[in-house]
Amino acid sequence: MSEWLKERLMQGQDNCKKYLYLDSEKLADRLAELSNIGKTDDGGITRYVYTKEEEEAKRLFQSWMEKAGLAVREDYAGNIYGRLEGTDPYLPAILTGSHLDTVPNGGAFDGTLGCISSLMAVEAIIQEQGRLTHPVEIVVFADEEGSRFGSGLLGSRIAMGEVTKEDLFQLRDDYDTTAAEAMKRQGLLPNKLKQCWLDKEDIKAFIEVHIEQGKRLEQHKDSIGIVNGIAGPSWLEIKIDGETDHAGNTPMDMRHDAVAGAAELITSIESIPREISSTAVATVGKVNFYPNGSNVIGGRAEMIVDVRDIKEDNRDKMLEAIEKETQRIADKRGLNVESHLQIRIKPVPVPEWIQDKMEASAKKLDLPYMHMPSGAGHDAMIVGKYIPSGLLFVPSIHGKSHTPEEFTELSDCLNGVAMLHETLLAIGEES
């Protein structure tokens, strides 16, 4: 895969802008080299947390940071850091980075591009002026995707103090291995999580570069997405009860069909976000029908509705509207319903001053940009609850992500590195 990826990336090298201290071929080389770790027969990548594949990727990235002259360390949870000291030792650091783990059979850019962007931006700072006033620290968070233990953003949640050692003994993979056991096999220490906590007073900001995983930038022909807020998801579980009957002998006007009620509700849910906000989304991604027989009228339907917006009040309006519509359909069809909110995570706004720094950087680099929300979480969502955080997007071809088809042109990758570099300069030179 690495040879194919390098070749495809380099086909777009002539479209790359020229940036001092940023080498497009080195960027392609690094993306390609990491893509070879955990490669699958389908042309994708599988690197689960606390496996030999993820370990190999982290060790390779660590070697690059050491070669750049950074002070490298790994905490007891498997997060790795590379620090460039500032000229003023008393100022808080700027944190930047992403993750190297993947979903099953994932792509070569999700998370990986953010890590490489951070390293290349810091390398450019070193070549250009040695260091900034503020320290800069690269972080590779462990287990952003949650593919192995079903609990994403684990590394950043540990760093922010949100995870206990008891949690790690509860999380299990498909082979009944706990997260704590998997950590121990990697030489990590799940009993020392407090020593993994970052001192929030010692961090000025966190900046992450990521592929968009959507189509807006591509459709608008913009190079950079400046994220104005990260949508916090709510999962609403809805259960609809009707009556199980024979499909052939029950007249249409005598049915209490839970499946038909669910179908009407799903169609209605699709239209609700447009009535609330331009950044609101709602998705029915999981549905179960019972008894699920081809000649049986469904007596029960269960679904999970994923509801998101970057503003909490808009998200709450959506939840209220969905529950109201659920009851309306149930009353009309003679069904019984109950709902339960499974998770509710607060949206995270990106501070205006960080957006301003990013916008100024885009203008300085003459890159077309747009302000946009992030529907996906990313580590910036966790860190942003405690520390001012920003998120920069670069385009995804056809919006593809979490698939071997995931691809971002080399020119867009390089623009993301340049944007991060300029943003770090703008923030890191402040006293």
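Side-chain atoms are counted along with the backbone in the values below, which use heavy atoms only and exclude waters and symmetry mates.
- By the side chain to side chain donor-acceptor pair (under 3.5 Å) test, T403 pairs with no residue at all, sequence neighbours left out.
- No side-chain heavy atom of D174 sits less than 4.5 Å from a side-chain heavy atom of F149.
- Applying the side chain to side chain donor-acceptor pair (under 3.5 Å) rule to E312 yields the partners K346; only residues at least two apart in sequence or on another chain are considered.
- Under 4.0 Å is where a charged nitrogen must lie from a carboxylate oxygen, and between D88 and R131 no such pair does.
- Here D173 pairs with R148 under the salt bridge (charged side-chain N to carboxylate O under 4.0 Å, His left out) rule; sequence neighbours left out.
- Here W235 pairs with D306 under the side chain to side chain donor-acceptor pair (under 3.5 Å) rule; sequence neighbours left out.
- Comment: K52 does not engage E56 in a salt bridge, judged by the lack of any side-chain N to carboxylate O separation of less than 4.0 angstrom.
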Would you give me the side-chain donor-acceptor pairs under 3.5 Å for residues 111-126, sequence neighbours excluded?
{"unit_1": "T112", "atom_1": "OG1", "unit_2": "R47", "atom_2": "NH2", "d": "3.2"}
{"unit_1": "S117", "atom_1": "OG", "unit_2": "L113", "atom_2": "O", "d": "2.7"}
{"unit_1": "S118", "atom_1": "OG", "unit_2": "T96", "atom_2": "OG1", "d": "2.8"}
{"unit_1": "S118", "atom_1": "OG", "unit_2": "G97", "atom_2": "N", "d": "3.2"}
{"unit_1": "S118", "atom_1": "OG", "unit_2": "G114", "atom_2": "O", "d": "3.1"}
{"unit_1": "E123", "atom_1": "OE1", "unit_2": "R30", "atom_2": "NH1", "d": "2.9"}
{"unit_1": "E123", "atom_1": "OE2", "unit_2": "R30", "atom_2": "NH2", "d": "2.9"}

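- K6 has a carboxylate O that lies under 4.0 Å from a charged side-chain N of E25, or vice versa, which qualifies the two as a salt bridge.
- Remark: E137 pairs with R83 by the side chain to side chain donor-acceptor pair (under 3.5 Å) rule, at least two apart or across chains.
- Judged by the 6.0 Å distance and 45° axis criteria, R300 is not positioned over the aromatic ring of Y290.
- Sorted by first then second residue, the ring pair (Phe, Tyr, Trp, His ring centres under 6.0 Å) pairs that include residues 405-431, not counting sequence neighbours, are F109-F407.
- The ring pair (Phe, Tyr, Trp, His ring centres under 6.0 Å) analysis of residues 12-32, with sequence neighbours excluded, yields no pairs.
- Within the structure, salt bridge (charged side-chain N to carboxylate O under 4.0 Å, His left out) pairs that include any residue of residues 263-291 comprise E264-R328, E264-K332, E264-R333 (at least two apart or interchain).
- Among pairs with a residue in residues 181-203, none fulfils salt bridge (charged side-chain N to carboxylate O under 4.0 Å, His left out), at least two apart in sequence or across chains.
- Among pairs with a residue in residues 410-431, those fulfilling salt bridge (charged side-chain N to carboxylate O under 4.0 Å, His left out) read K204-E430, K357-E430, K364-E422, at least two apart in sequence or across chains.
- Every residue two or more places apart in sequence or in another chain that forms a salt bridge (charged side-chain N to carboxylate O under 4.0 Å, His left out) with D176 is listed here: R172.
- Tested against E74, the residues R59, Q186, Q62 include a single side-chain hydrogen bond (donor to acceptor under 3.5 Å, both in side chains) partner, R59.
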